[in-house]
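Read through the structure below, which is laid out as structure tokens, and then see the notes.
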Amino acid sequence: MASQRRKKNESHLFRYIILGAWALFCLVPVLWFLSIGLRPRTEIITQQPIYWPHFSLDAWHMVWTDWPMGYYLRNSVVSIIGSVVIDLVLAIPAAYSLARYTYRGREDIGFYILSTRMMAPAIVAIPIFFLFKNMDLLDTVWALMIIYAAINLSLITWIIRSYMLDIPKELEDAARTDGASDLRILWEIIIPVILPGIITAGVIGAIFAINEFLFTLLIASTKSAYTMSVALANFTGGSDGVIYNAIALVAFIAFVPVFLVVVAIQKHLSRGLTMGAVKG
Amino acid sequence: MAQIELVGIQKKWGAVWGVRDVNIDISDEEFIVFLGPSGCGKTTTMRMIAGLEDPSEGEIRVGGERMNDIDARDRDAAMVFQGYALYPNMSIYENIRFPLRMRKVPKAEHDTLVRRAADLVEMGIISIVNPQLCPAVSDKELPWHGRSCAARKCF
Ligand SMILES: Nc1ncnc2c1ncn2[C@@H]1O[C@H](COP(=O)(O)OP(=O)(O)OP(=O)(O)O)[C@@H](O)[C@H]1O
Ligand SMILES: [Mg+2]
């Protein structure tokens, strides 16, 4: 038997190799974009292989001066943060109701909420366009905020609901016998306990929102409401051809905020859920 | 403390019997033990007294007053749960203080009351020396888990 026992470190090494390879696989496209973005335009489309790429900030200057990239980035950030806030305010009570109260049609309502996610978005594109036109909200970040919130609401509700279902019922019963009302229980116990889950749901919503393209394109028809995703698409049609290095750089810049958010909340994303709330 | 009467209490979930025809009269300050095999309805009976479960039939009286329709939060019943149910987002001290906050006891009295409750279950040292101590610090069951849960009910 002894010969078959492996040292602990050996299996760790194996794990590192696999995870390292996977990390590299995910990272290469991102670094590739950065490298394209920081090279002169002439070097990007060429027949000859380049062994010593040249460094150039052409695209960088172009992105911040010729285009109001900072403004687009601001549009993205404002509309996304706004939409996530709207979603959390609506989703937390909805999820609590779906997770804890029993009433007729609860399952159906829950499924209805989820099913709004199953429809192909293009089906409602035109009605939504006229809706926002009549509300005089075209070309505003408010419209984007509402659209993103509507798109993500069902998913965020369901994620939060599933976290709430994992909270032991006893915890709430204890609070109730302690004299807490439903709202108190939600505010003082449920929300703090599932905070990592709420943050996770918010981040997932934000990632969906930053990648959203169809409705953003529909609503943001002038530059005043362009977001990163739509601005990116518009770079392809310049008078002097496709400016690949600028596109690559913008794509990289669009990636950075998401990356920073995920790094900042990583601790919460992986934290244990009820943190050992109920023993025995 | 008060006198508790259960009159013809029954609990059914669909076709499942939880509790069947319980009649008890517990007088004030009487110490009572429910003993029985697993699944015979001990917990369910206590949950009905605390107001966490509605009896399908029968009447619960506390101090002669019918309690059936009174919400759990207004019954002022203290219950220690099988799984302790400590709030993992709060320190032990805050766990013990929680019912005081919910029942709107004046803030100035909290500290004294919390300490007295902690002393009653002989865990005064833990809650006073380290008020930030949180039930979540350990996954293992520790002696003060049960005690702090009990302390919470000592007011
Ligand atoms: N929410 C519920 N829905 C359906 N049946 C239930 C529910 N809660 C309890 N029961 C059933 O009611 C019966 C009594 O349960 P109870 O928890 O009161 O038993 P107990 O005496 O506390 O058991 P133990 O000693 O294992 O704690 C059991 O058969 C249980 O399966
Ligand atoms: Mg039991």
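In what follows, chains carry the letters A, B, and so on, assigned in the order in which the sequence lines appear, proteins first and then strands, with residues in each chain numbered from 1.
Taking the centre and axis of the six-membered ring of B:Y87, the NZ or CZ atom of B:R101 falls outside the cone set by 45° and 6.0 Å.
By a heavy-atom distance cut of under 4.5 Å, B:R47, B:A50, B:L52 are the residues of residues 45-56 of chain B near chain A, going up by number.
At a threshold of 4.0 Å, the pair A:D178-B:R103 does not count as salt-bridged, since none of the basic side-chain nitrogens sits closer than that to a carboxylate oxygen. No salt bridge links A:E172 with A:K169; every basic N to acidic carboxylate O contact stays at or beyond 4.0 Å.
Atom CZ of A:F259 is surrounded by 12 or fewer heavy atoms from other residues, nucleotides or ligands within 6.0 Å. Within a 6.0 Å radius of CH2 in A:W22, other residues, nucleotides and ligands contribute 12 heavy atoms or fewer. In A:Y112, the OH atom is not crowded: 12 or fewer heavy atoms of neighbouring residues, nucleotides or ligands sit closer than 6.0 Å.
Interface remark: A:E188 contributes backbone and side-chain atoms alike to the contact with chain B (heavy atom separation under 4.5 Å). Of the two parts of A:R184, only the side chain, counted from C-beta on, holds a non-hydrogen atom closer than 4.5 Å to a non-hydrogen atom of chain B.
Not one N or O on the side chain of A:D87 forms a donor-acceptor pair closer than 3.5 Å with the backbone of A:I151.
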